[in-house]
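Letters A, B, ... mirror the listed sequences (proteins, then strands); counts begin at 1.
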Number of protein chains: 2
Amino acid sequence: MQKKPPVRMEDVARIAGVSSITVSRVLNQPGKVAEETRERVLNAIEAVGYVPNSVAGSLASRRTSVIAALVPTITNSIFADTIHGLTDVLTPAGYQLLLGATGYSLEREAQLITALLAQRPAGLLVTGLAHAERARTLMKSAGIPVVETWNVQGEAVDMAVGFSNYRACYDMVVRLAGNGHRCIGFVCAPTEANDRARERLRGYRSAIRDLGLPERAELVREAKFSFHAGAESVNRMRAEVPDLDAVFCANDILAIGALFECQRRGVDVPGDLSIAGFDDVELASQVNPGLTTVRIPRYEIGREAARMLMQRVDGRPVSPGILDLGFEIVERQSTVRPG
Amino acid sequence: MQKKPPVRMEDVARIAGVSSITVSRVLNQPGKVAEETRERVLNAIEAVGYVPNSVAGSLASRRTSVIAALVPTITNSIFADTIHGLTDVLTPAGYQLLLGATGYSLEREAQLITALLAQRPAGLLVTGLAHAERARTLMKSAGIPVVETWNVQGEAVDMAVGFSNYRACYDMVVRLAGNGHRCIGFVCAPTEANDRARERLRGYRSAIRDLGLPERAELVREAKFSFHAGAESVNRMRAEVPDLDAVFCANDILAIGALFECQRRGVDVPGDLSIAGFDDVELASQVNPGLTTVRIPRYEIGREAARMLMQRVDGRPVSPGILDLGFEIVERQSTVRPG
DNA sequence: CCCCGGCCTGAAAGCGCTAACATTCAAAAA
DNA sequence: TTTTTGAATGTTAGCGCTTTCAGGCCGGGG
């Protein structure tokens, strides 16, 4: 297998009997080339199997067809949904996705932003509003549209799409209290380098305070993202807080882990304990009892973010720069008023 | 907000009092620059906030630090795990990930391959061994290492990493039969444009035939990837096949959908019906009863694929070109010998 | 009949880097 | 001392495209 010299635009041009600029036009602005010429060029492209070199194209035109996106992890299905929304808009628009995973570390996020900006993407999507100072500086001076996602509470570098994690949690606690729950625990996701998790905790705390409900320290636990951590958290909390009547988990995986654990231990949900989650993943509606949770616009975040980026790339202004897509509390059987 | 002219390497060079090639060397081969000079250059870079333009760098050096990957969908956690394995190797090696989703369409796959190859990635990862003829041609003539994943049965364009979907299903059926099951149904994933699904079906069929078990058409159903489809399939199959004693689903989501449906309907699993899945997603070990399934090296596929690509990018040959990472049948409580 | 303007095509000049070769200079070898 | 050597830096020439500006050709208006 020997390395063949790559086919360049000039080769195509020679075969078609035109200059390379005409080949370029056939590819980028076909309307500006006479039909006969265009066909001749397309045939030549086909004949030699020419694949345009967009690295050279990008250098010459000073723009790329790449959008860079950073998520904490692709393994969490909620971000996968957002990426799905992104690509659904980007691909038809002729844009490619350059993806990075920060692993919930602001330091790695900053490093990745540097690396990604070197590729001169046409736009950048990041998760959350909390970033290293260096990262903010880079994003501000990059000269490309930037959209921050999954949070709208705070100061955006450029644009933002998401919902209020604070209000969602606040509202859920109010709902639980309205259903008669008095002693409501909260299982929080790790808050370091995660403004969404912090907002959710803050929403829980505010609601508890506003409602005059007990604020004991044992009612809040931090847990990693896994079924197992949910199970363990609910066990500990039940042991430490005998009169616990509801557990609100910061995500559905924790909540479902807790739910399964209760079932294993013979704890009746919602009879003995109510459980609520956050995200409304597909599984939430499938478990028994169905999980009460907060439905959030995961897919739409990606789609709208992409739309905003495309709009700005095309030179059109975007308003509002901060887009709140809202949320919805979905009440299922896992939370009903106790006794 | 006015557009500032971007900082170029030459600007940095002027400030540091060197030529731009020295700046280039500080960035790419720091060992070749005297420490004093290097520091002066790094200070200048810092001072002006220079971000290298790797588009220009790639054009000049004729190589990029981008690896392109195509998966059917990022929404399915099994592919997310593979991508995770990929990035875990790529990022430390200084490579970026350009990601595309084909939506299980060979036509879209071919289109995306064209678009991605225009970006001149250093390597390409695709899912499965089945591709449009045009796609195969493109991959073969691209002059970059290509790795096909998730299947090792068939002819690879270049390299492949995965496991035998055929043998995994064959073995599971043998195991079920060994446990006393006689009437084993199979819920297949859509086979169009999906060689893995086809292999799984083929494995089931071969095993049934080899074991002399009933081969009725009602024992095989095709179902989309969702809990709901699993539920519906098990309902239909139970209605059409009264003596059904086991259902083997081509993925865990279908299996768990089926399991939940049985629970809703009061069908005892495994007392009345055994259920087995495929993939061993985290949920499989959490449901009650635990789901018998096939554990497959999802993460490792990504990691090994990346390793092979990196090795070839570095000019070192890779052997074996086809890497079978195997599988493992995990027996839990959802399948025990009936009666 | 000539000029103007619209349509199509082309020539020249980079885009911002790096490869390849050239040069410099001081220390080691002869 | 002279030559050799090698480390450090610089010069030149593109990488494969697109931008910008020109030019040729045609038909309609003056």
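Looking only at distances, no side-chain donor or acceptor of Thr91(A) sits under 3.5 Å from a matching main-chain atom of Asp88(A). When atom types are taken as modelled, the side chain of Arg298(B) and the backbone of Asp81(B) share no donor-acceptor pair closer than 3.5 angstrom. The closest donor-acceptor contact from the side chain of Asn28(B) to the backbone of Arg25(B) lies at 3.5 Å or more, if one exists at all. Under the 3.5 Å distance criterion, the side-chain polar atoms of Asn43(B) are matched with a main-chain donor or acceptor of Glu39(B). With hydrogens and angles ignored, the 3.5 Å screen pairs a side-chain donor or acceptor of Ser105(B) with a backbone N or O of Arg108(B). Remark: side-chain polar atoms of Gln96(B) are not paired, donor with acceptor, to backbone N or O of Leu116(A) under 3.5 angstrom.
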Every protein N/O lying under 3.5 Å from an N/O of nucleotides 23-26 of chain C:
none

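At a threshold of 4.0 Å, the pair Arg134(B)-Glu107(B) counts as salt-bridged, since one of the basic side-chain nitrogens sits closer than that to a carboxylate oxygen.
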**Prompt:** Base, backbone or nothing for each nucleotide of nucleotides 9-21 of chain D, written B, S, -, heavy atoms under 4.0 angstrom, 5' to 3'?
**Reply:** BBB--BBBBSB--
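Inspection of the Ser65(B) and Gln119(A) side chains reveals an N or O donor paired with an N or O acceptor under 3.5 Å.
For the helix from dC1(C)-dG30(D) to dA30(C)-dT1(D), the axis fitted to the five pairs at one end and the axis fitted to the five pairs at the other end meet at an angle of 50° (nearest 10 degrees).
Across every non-hydrogen atom of Val318(B) and Arg312(B), the tightest pair is CG2-CG, 3.4 Å.
Atom CZ of Arg38(A) is surrounded by more than 12 heavy atoms from other residues, nucleotides or ligands within 6.0 Å.
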